[in-house]
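Below, read A as the first sequence line, B as the second, and so on, with proteins coming before strands; counting in each chain starts at 1. The figures that follow rest on heavy atoms only: side chains count, while hydrogens, waters and symmetry mates do not.
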Protein chains: 2
Amino acid sequence: MSSSGSELGEFDRVRERRGGRSERVRVAVMGAVRQILQDSGYGALTHRAVAAAAYVDNATIYRRWPTRPQLVSDMLRDLSSDLVPVPDTGSINGDLTAYLSSVLAMLTTPGTKKLAQSIFAASIEGDDVVAVVLADFWQERFSGSYKMLDRAIGRGELPAMLDHAAIMDALVAPAWFRTFISRMPVGEEFQKRCVMAALAQAQTEK
Amino acid sequence: MSSSGSELGEFDRVRERRGGRSERVRVAVMGAVRQILQDSGYGALTHRAVAAAAYVDNATIYRRWPTRPQLVSDMLRDLSSDLVPVPDTGSINGDLTAYLSSVLAMLTTPGTKKLAQSIFAASIEGDDVVAVVLADFWQERFSGSYKMLDRAIGRGELPAMLDHAAIMDALVAPAWFRTFISRMPVGEEFQKRCVMAALAQAQTEK
DNA sequence: TCATTAATGCGACAGTTGCTGCATTAAGGT
DNA sequence: ACCTTAATGCAGCAACTGTCGCATTAATGA
């Protein structure tokens with residue numbers, strides 16, 4: 001039955017080669033994707049453009065990442081979380097202010113804004129499989145920020161029964177909404193108001 | 001100088017033909033665009049697909065709407081506002097609940113969700129000129145909903161000095177954010193909570 | 001070190017997309 | 001009714017996109 005000596009199951013297992021050249025290609029491609037997205041945006045993300053920037057043949061890109069959304073979602077895994085760090089200033093007010101400040105900085109700086117835009121564009125263009133990856137990405141991103149809230153509960157600043165998601169909605173949803181959908185300005189008082197709204201939401205018992 | 005008999009300015013004016021065949025083509029194309037977006041989404045919006053659906057030559061589409069975002073932004077003008085009507089139930093609580101309910105229905109129904117998705121995709125792909133059109137679209141959409149708040153002020157339900165945009169942010173931003181960005185569920189209690197948050201924001205003096 | 005074969009590079013191909021002359025049609029003014 | 005010419009239809013083109021077969025390279029296990 002199995003032409004292979006090892007008995008790992010009913011079917012022959014395709015032995016993937018995860019190290020060496022394949023890994024080098026992967027790193028180069030992911031770097032090229034991020035570079036292109038930051039510099040020129042999602043519209044410039046072509047398989048051949050990535051291939052050229054990574055010094056890899058375009059057929060290789062097509063074989064490992066058949067669609068553009070897959071390129072983006074795969075890059076998300078490598079994306080370090082230092083884009084929006086979770087602060088620890090000692091007070092919930094300071095934490096929320098610092099966090100939203102990071103988000104707004106990310107959404108304002110051209111390079112990272114294009115990056116965020118691309119994530120959004122990919123999630124629209126991508127099929128359901130990619131959507132799952134992206135949902136995981138956000139879940140992880142949020143679970144990190146939830147620690148911020150739990151610390152405040154430990155300090156007695158917030159009630160124990162919190163709707164974590166509701167608070168983060170109040171804090172960051174308007175920023176994303178204005179940046180990419182309604183395209184209204186996100187100024188200084190807008191930021192303060194969102195922090196206030198998040199705090200008000202946090203005081204509401206679940 | 002001027003080969004034309006009429007003296008309308010220094011240069012000859014190109015006499016556009018706004019009626020007759022041109023208008024019929026325009027109506028057919030706009031209908032085809034909306035049909036395609038609702039049925040198959042932004043990815044299926046090809047010039048040739050629109051041309052086929054509208055029984056018009058594809059060169060005509062290219063000449064009058066050179067890019068896909070222009071097709072979408074032009075369709076927005078025709079889009080009747082009955083997608084998200086501004087309610088008048090008699091109380092601010094009822095109005096906000098009904099309004100958010102309409103927004104969520106629009107974001108949940110497949111056809112209209114794809115329509116909203118397409119607007120977003122076009123605003124990302126489109127150049128700055130298109131962005132202006134889309135900003136106007138949202139401005140008009142919001143100005144309609146502001147009347148809802150002004151009626152509440154007239155009834156004495158809300159303080160006179162309101163930050164209209166802040167209230168609408170609290171009401172609808174989380175819905176858009178969860179639908180297209182964080183992809184979290186938008187359930188029954190989510191809706192109630194957003195209305196509560198918007199009311200709390202409304203009670204805050206500007 | 002050697003054999004196996006997954007992964008890549010290379011070249012070519014059909015299908016699609018964006019665009020452009022040119023002939024034809026019909027809208028708008030006289 | 002007639003003229004001018006804007007707008008459309010038609011045909012064809014270069015550029016780009018996605019895919020494939022085949023030769024070559026090198027990762028992995030023995």
Looking at [X] and [Y], does any basic side-chain N land under 4.0 Å from a carboxylate oxygen?
| X | Y | value |
| --- | --- | --- |
| B:Asp57 | B:Arg48 | no |
| B:Asp169 | A:Arg193 | yes |
| A:Arg18 | A:Glu23 | no |

Figure out the [atom1]/[atom2] separation between [X] and [N], and round it to whole Å.
| X | N | atom1 | atom2 | value |
| --- | --- | --- | --- | --- |
| A:Asp57 | D:dT19 | CG | P | 15 Å |
| B:Glu23 | C:dA26 | CD | C1' | 15 Å |
| B:Ile61 | D:dC10 | CD1 | P | 13 Å |
| B:Arg68 | C:dT16 | CZ | C1' | 13 Å |
| A:Trp65 | D:dG18 | CH2 | P | 16 Å |
| A:Leu71 | D:dG18 | CG | P | 11 Å |

Below 4.0 angstrom from OP1 or OP2 of [N], is there any side-chain N or O of [X]?
| X | N | answer |
| --- | --- | --- |
| A:Arg64 | C:dT8 | yes |
| A:Ser22 | C:dA6 | no |
| A:His47 | D:dT17 | no |
| A:Tyr62 | D:dG18 | yes |

Answer with yes or no whether [X] presents, from its side chain, a donor or acceptor under 3.5 Å of a partner atom in the base of [N].
| X | N | result |
| --- | --- | --- |
| B:Arg63 | D:dG9 | yes |
| B:Arg17 | C:dG29 | no |
| B:Arg21 | C:dT25 | yes |
| B:Arg48 | C:dG18 | yes |

Exercise. So what does A:Arg24 hit on the nucleic acid, given a heavy-atom distance under 4.0 Å: a base, only sugar-phosphate, or nothing?
Worked result: sugar-phosphate
Exercise. So what does B:Arg26 touch, heavy atoms closer than 4.0 Å: a base, only the sugar-phosphate, or nothing?
Worked result: nothing
Exercise. So, the side chain of B:Arg68 versus the backbone of B:Tyr42: is there a donor-acceptor pair under 3.5 Å, distance only?
Worked result: yes
Seminar exercise, completed: Between A:Arg18 and B:Asn58, the residue closer to the 5' end of DNA chain D by nearest nucleotide is B:Asn58
Exercise. What orientation do B:Phe142 and B:Trp138 show, parallel under 30°, tilted 30 to 60°, or perpendicular over 60°?
Worked result: tilted
